[in-house]
Amino acid sequence: MTSPIQNRKYANEITAANEGERVSIAGWVHEKRDLGGVFFLVVRDIGGFAQVTLIRKKTDKELFERVKRVPRESVVAIEGKVKSEQKAPNGYEIVPERMEVLSEASQVLPLDTTGKVGAELDTRLDARFMDLRTERTKHIFIIRSHVLKAIRDFLDERGFIELNTPKIVSAATEGGTALFPISYFEREAFLNQSPQLYKQMLMASGFDRVYEIAPIFRAEEHDTTKHLNEATSIDIEVAFVDHEYVMTLLEELVAFVYSKVADYPGLAKLNLNLEVPKTPFRRITYDEAIELLSGAGEEIEWGEDFSTSAEHTLGKIIGELYFITDWPCAIKPFYAQPAAGGTCNAFDLMHPRLELSSGSQRVHSYELLEKNIELKGLSADSFEFYLDAFRYGMPPHAGWGLGAERLLMCMLEIGNIREVVLFPRDRRRLVP
RNA sequence: GCCCGGGUGGUGUAGCGGCCUAUCAUUGAGCCCUGUCGAGGCUCGGACUCGGGUUCAAAUCCCGACCUGGGCGCCA
């Protein structure tokens, strides 16, 4: 006797056209409905749901009782015949001959997987393995996979190569954010906040077009719906181009990702209307943004960064994806290329809700870079490993970093960034 | 770090000084029912975060701790 798992089919691989065929399915007991003379068991797998129907009079007594007793969310394998049936959810049902209980689930369950009763995010994250069995959550992560694939397809097609830079780094940072210290043998090291310095060094190596999709770590003690202490960054760097070039690349990439997600059938489970943004995105300068804000009664002094409320106000005024360009040097990192009037060739890609990406044309002159580092109050000495790459032939270059989770949460209209990470790391949560 | 909320069965909630032996839904155990698809009906089980205090009386008011939601700051 062979195990039913061997010839396993997914729920969505079976149709009414398979009438009469003997098939095996395996998955989780999603629901049971006992109508007395007829009993329905809904089995869930990654493909969908399969209804198993047992008619009391026509079913082996022992099998009928076992199916009736199997606890919800247990893992079962069922072998049976496909029956075309109008009254069944997918137009077919399975009349079982055998059932193996591969793993019996304890009761009661920590969450409802059918969507009848909601659960708070904290409860869901505590039992994330089970939360991921729900349709909505499952599809968020399938979409996440599609988004990352779309990004790789887009960049690969344009001659980019994917590289990996270290996540364990020495003290030197770009400044700004706090780092997580770790113990590295007899020395102190840190988890990297961004691949910025390394991807720039690769420009000196002649790779020309690189990207990296990888975790970044920020030790900020913020506790909001849009921050994580471990996030995924999508970073690119391109040689022999300026900021305008990478802005165009960014808006086309984002529009491409939206279009791929819009095509995904499982999007229906998230109950939203996804509009693919039109390119090019609107561009406003930092100065124009200040004017718009002033018109809305929000005064920002030149040289200040935008507050959360200012971001929201701008988002409301503009109402779509947009770029803010020509930022003051003072509020951008040392590697942003200076331009006229105290501004630099840096940009932010904004969603009406929040910032998705920032990038710039980079400083490629060793002398200027060294000066900029000192101007920011950082020590050039600790950047020696980075600065060295600028001394022996560094082409002009530009790039950006895009937050994968932020893109997802905005695109899918999800309120809390934790929802789009499997096992989020935030100020309080280190488990699971 | 600051400012507001909230912690009631497994889950989601109602109650906000005495009518609480705590509501409802769902889940769990069991029973009835031959077409369910959030099935239906009946029976049963299951909870006031913890520690102080106020009061004749506390789930309810006060204080503290812990946990938690949101806004802001920081940051991306």
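Proteins come first, then strands; the chains are lettered A, B, ... in the order of their sequence lines, and each starts at number 1.
- Between A:Pro89 and A:Arg427, the residue anchored nearer the 5' end of RNA chain B, judged by the nucleotide with its closest heavy atom, is A:Arg427.
- Rounded to a whole Å, the CD atom of A:Glu73 is 16 Å from the P atom of B:rU11.
- Separation of the P atoms belonging to B:rA47 and B:rC24 is 15 Å when rounded to the nearest angstrom.
- In this structure, the CZ atom of A:Arg218 is 12 Å from the C1' atom of B:rC74, given to the nearest Å.
- With both pairing distances under 3.5 Å, B:rG5 is matched to B:rU68 as a Watson-Crick or G-U wobble pair.
- Contacts of A:Gln86 with the nucleic acid, taken as non-hydrogen atoms under 4.0 Å apart, are absent.
- Nucleic acid contact for A:Thr123: sugar-phosphate only, since backbone atoms but no base atoms lie under 4.0 Å from a heavy atom of the residue.
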Just the atom pairs and distances: protein N or O near nucleotides 68-71 of chain B's N or O, under 3.5 Å.
residue: B:rU68; atom: OP2; partner: A:Arg428; partner atom: NE; Å: 3.3
residue: B:rG69; atom: OP2; partner: A:Arg428; partner atom: NH2; Å: 2.9
residue: B:rG70; atom: OP1; partner: A:Asn416; partner atom: ND2; Å: 3.1

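- A:His227 contributes a side-chain N or O that forms a donor-acceptor pair with the base of B:rC75 under 3.5 Å.
- Using bins of under 30°, 30° to 60° and over 60° for the plane-to-plane angle, the ring pair A:Phe306/A:Trp327 lands in the perpendicular bin.
- B:rA76 and B:rA65 have their P atoms separated by 32 Å, given to the nearest Å.
- To the nearest angstrom, P of B:rG73 lies 14 Å from CD1 of A:Ile331.
- If you check B:rA57 for Watson-Crick or wobble pairing at under 3.5 angstrom, you find it has no partner at all.
- Annotation: side chain to side chain contact (heavy atoms under 4.5 Å, CB included) contacts of A:Lys116 (sequence neighbours excluded): A:Glu31, A:Asp112, A:Thr114.
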I would like to know whether A:Ile94 and A:Gln51 meet side-chain contact (heavy atoms from CB on, under 4.5 Å); could you show each step before the answer?
CA-CA 6 Å; A:Ile94 291 169; A:Gln51 176 169 291; over 6 Å; no

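- Contact annotation for A:Gly118: backbone-only contact, meaning every heavy-atom pair under 4.0 Å involves sugar-phosphate atoms and none involves a base.
- Between the side chains of A:His227 and A:Thr224, at least one donor N or O sits under 3.5 Å from an acceptor N or O.
- If you measure from atom CG of A:Asn90 to atom C1' of B:rG35, you get 15 Å, rounded to the nearest angstrom.
- The aromatic rings of A:Tyr386 and A:Phe334 sit perpendicular, their planes meeting at an angle over 60°, well past the 30° parallel limit.
- Side chains of A:Ser360 and A:Arg362: a donor-acceptor N/O pair is present below 3.5 angstrom, by distance only.
- Remark: B:rU43 base-pairs with B:rA29. Criterion, Watson-Crick or G-U wobble with two distances under 3.5 Å.
- Contacts of A:Leu111 with the nucleic acid, taken as non-hydrogen atoms under 4.0 Å apart, are absent.
- A:Lys57 comes within contact range of at least one nucleobase, with a heavy-atom separation under 4.0 Å.
- Across B:rA58 and B:rC50, the matching C1' atoms stand 16 Å from one another, rounded to whole Å.
- Remark: A:Glu31, A:Arg33, A:Asp34, A:Leu35, A:Gly36, A:Gly37, A:Val38, A:Phe40 in residues 28-46 of chain A come within less than 4.0 Å of RNA chain B through at least one heavy atom.
- Using a 4.0 Å heavy-atom criterion, one finds that A:Arg72 contacts the sugar-phosphate atoms exclusively.
- Atom-to-atom, CD of A:Gln107 to P of B:rU11 comes out at 14 Å; the value is rounded to the nearest Å.
- A close approach under 4.0 Å does occur between a side-chain nitrogen or oxygen of A:Lys116 and OP1 or OP2 of B:rU27.
- Between the C1' atoms of B:rA22 and B:rA14, the separation comes to 9 Å (whole Å).
- With hydrogens and angles ignored, a donor-acceptor pair under 3.5 angstrom links the side chain of A:Glu93 to the base of B:rG35.
- Taking the side chain of A:Val108 as heavy atoms from C-beta on, and the options B:rA76, B:rG35, B:rG10, the nearest nucleotide is B:rG10.
- Comparing B:rG5 with B:rG9, their C1' atoms sit 24 Å apart, to the nearest whole Å.
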